[in-house]
Amino acid sequence: MEKTKQDSDFKHIGKKLLSWYKINARDLPFRQTKDPYKIWICEIVFQQTRIAQGLGHYNNFITRFPDVKTLAEAEENEVLLSWKGLGYYSRAINVHKAAQQIMNDYHGIFPDEYEEILKLKGVGKYTAAAVSSICFNGKIPAVDGNFYRVLSRLFADDFDISNSRAFNYFSQLAHLILPENVGDFNQAMMDLGSEICKPKNPLCGECPLNQDCLAFSLEKISEFPVKTKKVKAEDLELKYYFVHRNGQFLIQQRKDDFIWKKLFEFPPVISDDLNPFIKSVKTVNHKLTHKNLSIEIFNVEVDSEEIWNNFIYENKYIVTDVDGSHERSFPKPLENYIQSYDTAYRIL
DNA sequence: AATGCGGGGAT
DNA sequence: ATCCCAGCATT
């Protein structure tokens, strides 16, 4: 960071932001509490997730798992079920493990120090800073994508936000404007970044910091933040066999080493003796952020009771019906096929 | 230091 | 189509 920035006083910016936040804070369900459990859960849910998308999941999660103990004692599959459709499923696995960490290592009391919070599974520097500042008066900026965008514009700083050192770099910048109330400041930066200092078409005319914003005064808002690396989606072909008879069908659970960690799915392969029962095949295209999926779904209607019984007794698949499938978390593109057996059959 | 991981909404 | 969102773990 240049010397001029270090030597100047930008503290009035943080204070202005707090004044704006007092009036313009979004009314969100986790804004009326300092319960570290709820703040922690909301931070995990909203990682890489927009408020509108995750709000229902957050509310359902808190209702089903109202405290650390309830979460720690729950089955992993039930936690995964509550995460259904939200994406980045390692978050659900880690949040469950972290709850058990809190029970075992902290006697069920949420740790109140940044360094301890950081030890929880799935909690990184951002989340630890957020929980610490919001719940325990910690003084650490919770640097996220909003910080990158707001600070890069405020200082017309072209530091590449896709650089690995961006987190440390923008943490330093944040300290230049950091006020006393860091918890409110962190949340204010999120609201400003979401409502005013948006990625596209920011509402600079309404921004409480527009008189302090260098990019705005230079009319170069659109040039910040600088991000060089682009996400590239690769093609991936999958095959699933919807093997069914009399309203029952076969599923299995995925591993935790690829996409859709530990979610349930139809068998990706079948034994040759089921080939005669393939009635139709349908291809579904589905776009993920990192993958362009092409999924072939084979409709395998097993007409022979003998072969069905042989098959389901021999192997490792789970036999379920519509009701049972609703108790398991499925990948989004497979949801249509399990909503109801009749619907799935008709789709195929 | 670089890469993989969902899904949806805005543009 | 492209971007990006209250990031993190793994390599």
Side-chain angles (χ1 to χ4, degrees), chain A residues 25-26 28-31 38-58 80 83-95 97-98 117-134 141-150 160-168 170-171 183-195 197-203 222 225-234 236 254-263 285-293 329-335:
Chain A
R26 288 177 290 182
L28 301 170
F30 40 86
R31 281 280 167 79
K38 289 178 180 169
I39 298 299
W40 166 50
I41 295 300
C42 97
E43 295 301 341
I44 302 298
V45 165
F46 293 110
Q47 284 170 8
Q48 299 294 287
T49 304
R50 293 173 187 281
I51 295 297
Q53 184 186 358
L55 212 43
H57 282 86
Y58 168 79
L80 283 166
W83 219 266
K84 181 166 70 172
L86 196 53
Y88 286 167
Y89 297 96
S90 59
R91 291 184 293 175
I93 298 167
N94 285 332
V95 90
K97 290 178 179 171
I117 300 171
L118 193 55
K119 291 178 182 174
L120 301 175
K121 297 290 185 191
V123 172
K125 287 185 284 187
Y126 161 77
T127 301
V131 175
S132 167
S133 64
I134 295 171
V143 177
D144 69 339
N146 292 302
F147 274 65
Y148 290 173
R149 190 167 58 255
V150 172
D160 183 3
I161 67 169
S162 49
N163 187 306
S164 298
R165 293 180 319 225
F167 183 89
N168 286 332
F170 286 102
S171 293
D184 280 356
F185 172 78
N186 284 334
Q187 298 182 87
M189 287 287 278
M190 300 177 207
D191 281 14
L192 189 77
S194 170
E195 305 293 301
C197 197
K198 300 183 294 183
K200 302 288 170 60
N201 304 326
L203 309 179
S222 63
V226 171
K227 183 180 184 181
T228 57
K229 292 180 62 178
K230 308 297 178 187
V231 187
K232 59 175 193 297
E234 301 197 355
L236 178 65
R254 293 181 63 83
K255 309 290 187 186
D256 65 353
D257 60 348
F258 191 39
I259 59 173
W260 300 326
K261 296 185 197 329
K262 294 192 175 182
L263 265 54
N285 294 312
H286 190 85
K287 297 178 73 67
L288 303 180
T289 300
H290 313 278
K291 295 276 187 294
N292 293 322
L293 301 180
S329 185
F330 280 80
K332 203 66 178 178
L334 299 185
E335 264 192 347

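Chain naming here is simple, since letters A, B, ... match the order of the sequence lines and numbering starts at 1 in each.
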Given atom NZ of A:Lys227 and atom P of C:dC3, what is their separation to the nearest angstrom? 8 Å

Heavy-atom pair with the smallest gap, counting every atom of A:Ile44 and A:Trp83: CG2-CH2, 3.9 Å

May I ask you to say what A:Val231 touches in the nucleic acid, namely base, sugar-phosphate or nothing, with a heavy-atom cut-off under 4.0 Å? nothing

Starting the side chain at C-beta, find the nucleotide from C:dG7, C:dC3, C:dA9 nearest to A:Asp144. C:dG7

Roughly, in whole Å, what's the span from CD1 in A:Ile41 to P in C:dC8? 14 Å

Could you give the distance separating B:dG6 and C:dT10 at their P atoms, to the nearest angstrom? 14 Å

Here the distance between atom C1' of C:dA6 and atom CG of A:Leu192, to the nearest Å, is 14 Å

Select one nucleotide: of C:dA9, B:dA1, C:dA6, the one nearest the side-chain heavy atoms of A:Ser164. B:dA1

Once each nucleotide of nucleotides 4-11 of chain B is scored for protein heavy atoms under 4.0 Å, what B/S/- sequence comes out, 5' to 3'? -BBBB--S

To the nearest angstrom, how far is A:Phe30 atom CZ from C:dA6 atom P? 10 Å

Pairwise 5' ranking along DNA chain C for A:Arg26 and A:Val123, keeping only the more 5' one: A:Arg26

Working to the nearest 0.5 Å, report the span between NZ of A:Lys261 and NZ of A:Lys255. 13.5 Å

For the pair made of NZ in A:Lys229 and P in C:dC4, what is the distance, rounded to whole Å? 14 Å

If you take all heavy atoms of A:Arg149 and A:Gly193, which pair is closest and at what distance? NH2-O, 2.8 Å

Take A:Phe167 and A:Lys125 through the test side-chain contact (heavy atoms from CB on, under 4.5 Å) and record every step on the way to the result. CA-CA 9 Å; A:Phe167 183 89; A:Lys125 287 185 284 187; 3.6 Å; yes

Any side-chain donor paired with an acceptor under 3.5 Å for A:Glu43 and A:Tyr126? yes

Side chains of A:Arg31 and A:Gln187 only: does a donor on one sit below 3.5 Å from an acceptor on the other? yes

Round to the nearest Å and state the distance from A:Asn146 atom CG to C:dC5 atom P. 7 Å

Looking at C:dC5, I'd like to know if its phosphate oxygens (OP1 or OP2) sit under 4.0 Å from a side-chain N or O belonging to A:Ser194. no

Output the rounded distance in Å from CD1 (A:Ile93) to C1' (C:dC8). 13 Å

What's A:Arg149 touching, base or sugar-phosphate or nothing? Going by heavy atoms closer than 4.0 Å. sugar-phosphate

I'd like the P distance from B:dA10 over to C:dA6, given in whole Å. 13 Å

Measure NZ/A:Lys121 against C1'/C:dT10 and give the value in whole Å, please. 12 Å

State, to 0.1 Å, how close A:Ala142 and A:Phe147 come at their nearest heavy-atom pair, and which atoms those are. O-CE1, 3.1 Å

